[in-house]
There are 2 protein chains.
Amino acid sequence: MRITNQREIILEELRRLKTHPTADELYEVVKKRLPRISIATVYRNLERLSEAGIIHKLEYGGRQKRFDGDVRPHSHVFCVRCGRISDVDTVEGLSVRAMVLDPKGFEIIEGSLQFEGICPECQKGNSLTTN
Amino acid sequence: MRITNQREIILEELRRLKTHPTADELYEVVKKRLPRISIATVYRNLERLSEAGIIHKLEYGGRQKRFDGDVRPHSHVFCVRCGRISDVDTVEGLSVRAMVLDPKGFEIIEGSLQFEGICPECQKGNSLTTN
DNA sequence: GTATTAAATAGTAATCATTATCAAAAAGGA
DNA sequence: TCCTTTTTGATAATGATTACTATTTAATAC
Ligand SMILES: [Mn+2]
Ligand SMILES: [Mn+2]
Ligand SMILES: [Zn+2]
Ligand SMILES: [Zn+2]
């Protein structure tokens, strides 16, 4: 995978943000540094980078995908009101894989804890988007 | 919520299927009993029923939503190749909620274990759909 | 049983996030 | 510099879901 200016800045900005942005949220941020970049380039690179395991694609909540520049194993909580995602600190050293009794023939690649809740913003009643 | 014929049969067929069908998969099944039903009715009722907590909406994998007539707490594994979802048996009596150290201000509604893997069909190389 | 009215349906159009396409530009050698 | 491959920007196409609306149905009152 070539190192293009666009790719580098997309990755840099994603890693800087701790918000798990959607493609278009990240596009708005990247556009400040690369005003001529195309939204398609953002989508394309997020896809390429996640295939390569350099970033993570988060597919909770059914509408827009979100992205995470932090690929270390960790858990997320998803806001059912607005779709925001936050990291959640969980007890150390738990093996989710080891909790499986019967994988029903699936070859399990990975396991994680997942949470749903209401984010601080939405608790205040600022449910701007409906996911 | 009124009990209409369509609503009743949609729920009945969803509960019968153990496959966590998509809206259109369920539509094909329901159509055998109600040949004049509209796909919009299936979508509408799946939405209503899941809002009411009578069924569960599963939003893994970023593409089509899947639905589960079994609302008892249990874990799922999602096939990264084809999108199929299966129940997974996990160790009894684990409180996922209790594993949270810092919810980062979120009011947590529920937690679950989630797995990704390759389903038996896709292991045989029959990856019909690409999720 | 018939009338009333609120809710649900069928059929279809609209939405919108994402993916595909393709000519032009850039990267990375030879 | 020249050549080949990859990437980009712009835009069209896709596809799952949601919105719309005239018509029908369910539930209730009479
Ligand atoms: Mn994260
Ligand atoms: Mn299930
Ligand atoms: Zn929120
Ligand atoms: Zn599969």
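In what follows, chains are A, B, ... by sequence order, proteins preceding strands, each numbered from 1.
- The residue N45(B) sits close only to the backbone: its heavy atoms come under 4.0 Å of sugar-phosphate atoms, none of a base.
- Contact annotation: K65(A) side-chain N/O to dT19(C) OP1/OP2 distance is under 4.0 Å.
- Checking R84(B), E25(B), H56(B), H76(B) one by one against H20(B), the side-chain hydrogen bond (donor to acceptor under 3.5 Å, both in side chains) holds for a single residue, H76(B).
- In this structure, the side chain of S50(B) engages the main chain of L46(B) through a donor-acceptor pair within 3.5 Å.
- Residue L34(A) contributes atom CG, which lies 14 Å from atom C1' of dA26(C) at whole-angstrom precision.
- For the pair T41(A) and dG9(D), the criterion of a side-chain N or O lying under 4.0 Å from OP1 or OP2 is met.
- Other members of the cluster containing V71(A) do not exist, because no ILVMFWY side chain is joined to it at under 4.5 Å.
- Cluster annotation: V88(A) is not connected to L17(A) through the hydrophobic network of ILVMFWY side chains, with a link wherever side-chain heavy atoms come within less than 4.5 Å.
- Between Y43(A) and dT19(C) there is no side-chain N or O to OP1 or OP2 distance below 4.0 Å.
- The NZ-C1' distance, from K31(B) to dT9(C), rounds to 16 Å in whole Å.
- Taking atom CZ of R36(A) as the reference point, atom C1' of dA25(C) lies 11 Å away to the nearest angstrom.
- Regarding R63(A), its CZ atom lies at a distance of 7 Å from the C1' atom of dC16(C), rounded to whole Å.
- Among the nucleotides dT7(D), dA8(C), dA16(D), the one closest to the side chain of Q64(B) is dA16(D).
- Comparing dT18(C), dA8(C), dT7(D) against the side chain of R48(A) picks out dT7(D) as the nearest.
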Mark up nucleotides 23-30 of chain D, 5' to 3', with B wherever a protein heavy atom is under 4.0 angstrom from a base atom, S wherever such an atom reaches only the sugar-phosphate, and - elsewhere. --BBS---

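- I37(A) places its CD1 atom 16 Å from the C1' atom of dT11(D), with the value rounded to the nearest Å.
- Using modelled atom types, one finds a donor on one side chain and an acceptor on the other under 3.5 Å when comparing H74(A) with D68(A).
- Between the side chain of R44(A) and the base of dG9(D), at least one donor-acceptor pair of N or O atoms lies under 3.5 Å.
- Looking only at distances, no side-chain donor or acceptor of R33(A) sits under 3.5 Å from a matching main-chain atom of Q6(A).
- R66(A) places no side-chain N or O within 3.5 Å of a backbone atom of K57(A) that could act as its donor or acceptor partner.
- The residue among R7(B) and A40(A) whose nearest nucleotide of DNA chain C is located toward the 5' end is R7(B).
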